[in-house]
Amino acid sequence: MNDTTLLRILDDRYGLETNKRANQLDSVRLIPSIPVVAIGLIVGVVIVRSATTSAAEIDDKRDVPNILVTDRRAEHQDEVLSSKINLPANDLPLSAERLGADAIARIGFTSLGPLLQAATSATAYRTSGGAFNEILLRGFADAPIYRNGINDSKGQLPTRSLANIERIEVLKGPYGALYGPGEPGGTINFVTKRPKSEAATDLAMGFGSFGEFTAQVDSTGPLVPNARVDYRLIARREQSDSFRDFAKRDRLFMNPMLSWRVSPELRFDAAFEYVHDERLLDTGVTAIANELPIAQHRFLGEPSRRPANADGYTFQLSTQYQMARGWELDVSLNGQKTLLKGRAVEPNALLFETRQVVLNRSETLRDERSQVLIAQAEASGIETHWGIPHHLLFGFSATGVNENNIFLASDPDVDPFSINPFAPNYGRATPIPNIERDSREQTRQLSVYAQDLLLLSEKWRLMLGLRFDHIDQSGSDGAAMSRFDRKSNEVSPRIGIVFKPTQQWSWFASYSGSVDPNEGLRPDGSGLAPTTSEAVEAGVKWQADNYPLSIDASVFAIQQTNVTTDAPGNPGFEVQNGEQESIGVDFELRSEPASWLSLIARYTFVDAQILNDAAVRNGTTPLNVAKHQARAVSLVRGSIRKPNDVSIGLSMNYLSDRQGSLEPDELSLKLPGYFRGDIFMMWRLSERLGLEFGIENFTNEQYIQGSQSDGLHLMPGMPLTVRGQINFSF
């Protein structure tokens with residue numbers, strides 16, 4: 001049965017085309033939030049300008065430190081932009097990592113997962129058949145992704161391209177006072193590249209193992225001479241087979257940008273991103289009796305299925321305006337639309353029959369659509385009261401999210417659609433899927449937040465933050481015949497303190513909370529309460545005097561309550577009596593013992609446990625969480641034709657055992673720990689020509705990257721992979 005026939009039958013049987021028309025995302029529903037934001041922006045600008053002007057009139061001689069500049073990204077090289085305070089990280093009560101453009105280029109990875117694993121404390125693994133990434137931080141999954149400080153993880157975007165990334169920032173722990181709802185493990189912020197006023201074009205072409213081919217262009221410069229309007233266009237195409245049988249991939253990324261420097265005080269930026277990801281959805285391999293005997297290249301779906309299509313559209317319009325007395329106003333409008341459509345064959349159950357193992361499978365069909373609109377305004381500046389400088393931030397945002405999901409799966413009790421996982425015989429007749437989910441969900445959120453960093457003295461800093469969110473959620477599921485409609489008001493606090501006894505030492509402690517609303521219903525038909533998180537953290541940062549050596553270390557404890565789990569005996573409903581706790585240590589050492597050598601070493605210990613869960617015994621480790629993670633990166637710079645024209649790097653990564661499933665009968669399944677090494681080289685032959693070469697997993701370690709849900713959906717890691725790239729600049 002071909003795709004056209006199947007879709008026609010499904011349309012006749014379930015009226016999917018009619019449902020799709022009814023489920024089309026209604027952009028008009030998102031618009032009412034925008035006038036509210038506009039009014040808030042006008043009022044905010046008037047208040048801020050009036051306050052600063054009045055202050056200037058009353059006391060124009062007052063000495064107020066002004067460190068804000070037109071482009072805040074250039075002020076401090078070690079600044080963490082996502083903290084939204086224009087100060088070095090050592091002045092802030094937080095634990096963070098910053099990965100700049102040079103480091104991203106020198107480490108050599110072209111995909112997000114390996115880069116995060118090698119260079120930060122985060123761990124990424126693939127979900128939804130490989131179409132999306134999920135990121136773990138401090139024992140908690142689904143770490144939210146931000147783009148230039150704006151939430152970019154509402155809905156689900158295809159796996160992010162690194163082609164337009166200027167730097168990556170990892171904020172650890174909950175930051176609800178700044179960002180609102182989110183997971184307590186941390187936040188990933190991607191700072192994107194921007195147009196430049198000097199003309200430049202970079203071309204790159206790469207080749208690699210398993211038929212990989214990449215081509216990329218990055219061009220920037222003035223759009224119109226003497227008009228102060230600059231452009232940038234980044235485009236990347238990737239095609240490859242895979243070490244996994246039949247799992248080909250085709251990916252296109254486009255990112256045009258414009259920047260208008262109206263005056264030294266005013267700047268407008270516009271950016272659009274389009275991602276098209278086409279791949280055969282791949283659920284990985286299956287564990288058998290808690291062992292992993294199946295070859296890692298073995299594909300357990302059906303190779304005749306057409307690739308699934310994931311399309312992501314994103315735009316960001318932003319304005320930066322330098323107001324009186326160093327105050328800055330940032331206004332942005334962000335939109336996102338995501339479409340995932342495709343078929344797959346997924347494992348359903350593993351049976352042991354006479355003399356062989358049988359894997360029952362289901363034919364599945366997905367049609368997932370989401371649309372997001374976020375308007376945000378922030379005013380920041382420095383004021384001095386009673387002799388104490390205050391780094392102030394006031395923010396207001398409105399968010400609208402529409403999500404529509406249709407999911408169908410065939411019944412393995414009617415047609416097992418089975419194969420032998422050790423010797424699969426593909427090509428069986430396709431079973432007809434039944435509708436399992438037909439959901440529509442809407443979220444409207446209005447937020448007001450404030451943050452104040454007080455420079456109490458040369459040695460002491462105090463940070464205070466508070467956020468208020470009004471959240472209105474509603475939704476329904478036609479398959480489960482369920483509805484929910486809920487409003488909530490949430491408050492997220494934050495307090496931190498920094499003690500700097502000397503220029504070399506910085507001690508900090510912090511407390512923060514976050515609130516994450518939940519969709520869905522309890523078995524009695526009532527709505528679910530928000531999941532709440534609290535975290536305490538203490539740490540030390542040390543920078544050697546007159547020597548490039550630094551140490552960051554912190555201890556943390558995080559508790560999450562009202563965790564949702566599937567209701568036993570009530571499919572489609574959920575219960576809330578779960579907790580998750582995570583206690584751990586982060587340690588990082590950076591050194592440059594010689595001008596030609598740089599070293600980075602990281603170690604993370606996480607003791608995470610699930611408690612009071614309806615289906616999982618107390619003390620079970622959450623899915624994919626490693627208790628021990630160690631990373632080391634060394635970079636050697638050398639000279640062949642000119643100084644430092646060659647860089648050679650080595651990355652070594654270790655993850656300990658991880659929980660492979662939370663199914664009650666699979667709790668003993670552990671994903672084995674692994675040790676992986678990567679080597680990379682860059683050689684700048686001339687000002688215009690450069691070469692890159694890398695070997696990922698040069699020890700050819702066989703390992704499981706992560707579990708997508710249970711023991712039937714385990715994603716193998718990449719074997720030894722060789723990549724090369726030619727770069728040409730003009």
Side-chain angles (χ1 to χ4, degrees), residues 80 82 89 93-99 103 107 109 112-125 133-144 168-175 183-189 508-510 512 533 535-542 550-560 580-591 599-610 621-634 651-659 670-678 703-707 717:
V80 180
S82 49
L94 55 82
S95 181
E97 298 173 25
R98 180 182 180 278
L99 191 63
I107 289 177
F109 293 113
L112 178 63
L115 176 67
L116 287 177
Q117 182 174 324
T120 74
S121 59
T123 301
Y125 59 96
N133 274 329
E134 188 163 293
I135 299 174
L136 280 165
L137 269 171
R138 291 187 168 178
F140 293 89
D142 293 324
I168 299 174
E169 299 171 342
V170 181
L171 283 177
K172 304 173 190 176
Y175 288 88
E183 290 299 321
T187 298
I188 311 292
N189 184 47
F508 74 92
S510 69
S512 52
S533 305
V536 293
E537 182 176 6
V540 60
K541 305 171 187 178
W542 175 75
S550 65
I551 294 176
D552 287 0
S554 61
V555 295
F556 59 87
I558 306 172
Q559 184 178 43
Q560 188 180 60
Q580 182 175 334
E581 295 181 351
S582 181
I583 300 173
V585 176
D586 274 328
F587 176 84
E588 176 184 282
L589 181 146
R590 291 174 176 265
S591 177
L599 302 172
I600 302 174
R602 290 188 178 92
Y603 171 73
T604 303
F605 169 80
V606 177
D607 184 10
Q609 298 182 3
I610 297 173
T621 303
L623 198 69
N624 293 313
V625 175
K627 181 169 288 189
H628 304 279
Q629 303 177 44
R631 297 163 166 87
V633 179
S634 62
S651 170
M652 307 300 293
N653 306 283
Y654 169 75
L655 265 71
S656 62
D657 293 352
R658 294 145 292 145
Q659 185 70 31
K670 302 294 182 183
L671 306 182
Y674 65 90
F675 187 85
R676 166 178 162 159
D678 308 289
Y703 64 97
I704 298 296
Q705 184 188 46
S707 170

Next item on the list: Show the numbers, then the answer: is there a side-chain contact (heavy atoms from CB on, under 4.5 Å) between L99 and V170?
Entry: CA-CA 8 Å; L99 191 63; V170 181; over 6 Å; no
Margin query: Between L171 and N189, does the side-chain contact (heavy atoms from CB on, under 4.5 Å) criterion hold? Intermediate values first, please.
Written below: CA-CA 8 Å; L171 283 177; N189 184 47; over 6 Å; no
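For R658 (side chain) and P672 (main-chain N/O), a donor-acceptor pair under 3.5 Å exists by modelled atom type. Side chain of R676 to main chain of L655: no donor-acceptor pair is present (N/O by atom type, distance under 3.5 Å, no hydrogens or angles). With hydrogens and angles ignored, the 3.5 Å screen pairs a side-chain donor or acceptor of S656 with a backbone N or O of H628. A donor-acceptor pair is defined here as one N or O able to donate and one able to accept, closer than 3.5 Å; such a pair exists between the side chain of Q580 and the backbone of G139. With R138 contributing its side chain and D586 its backbone, the two residues share no donor-acceptor pair below 3.5 Å.
There is a side-chain donor-acceptor pair under 3.5 Å between S651 and N653.
In this pair, Y674 and Y703 present their aromatic rings parallel. The plane angle is below 30°, not in the 30 to 60° band.
Looking at every heavy atom in both residues, G186 comes nearest to A143 through O-CB, 3.7 Å. A pairwise comparison of heavy atoms in L136 and N624 identifies CD1-O, 3.3 Å as the closest pair. The heavy-atom pair separating A557 from I583 by the smallest distance is CB-CG1, 4.2 Å. Contact between Y654 and F675 at its shortest, heavy atoms only, is CB-CD1, 3.9 Å. For the pair A608 and V625, the tightest heavy-atom approach, listed with the atom from each and the gap, is CB-CG1, 4.2 Å. Counting all heavy atoms, side chain and backbone alike, A122 lies closest to I135 at CB-CG2, 3.9 Å.
For the pair F140/S582, a side-chain contact is recorded, criterion being any heavy-atom separation below 4.5 Å from C-beta on. By the 4.5 Å heavy-atom criterion applied to side chains, V606 and F556 are counted as neighbours.
Q609 meets the side chain to side chain donor-acceptor pair (under 3.5 Å) test with no other residue; sequence neighbours excluded.
A salt bridge links R602 to E97: at least one charged side-chain nitrogen sits closer than 4.0 Å to a carboxylate oxygen.
No more than 12 heavy atoms of other residues, nucleotides or ligands shown are found within 6.0 angstrom of NZ on K627.
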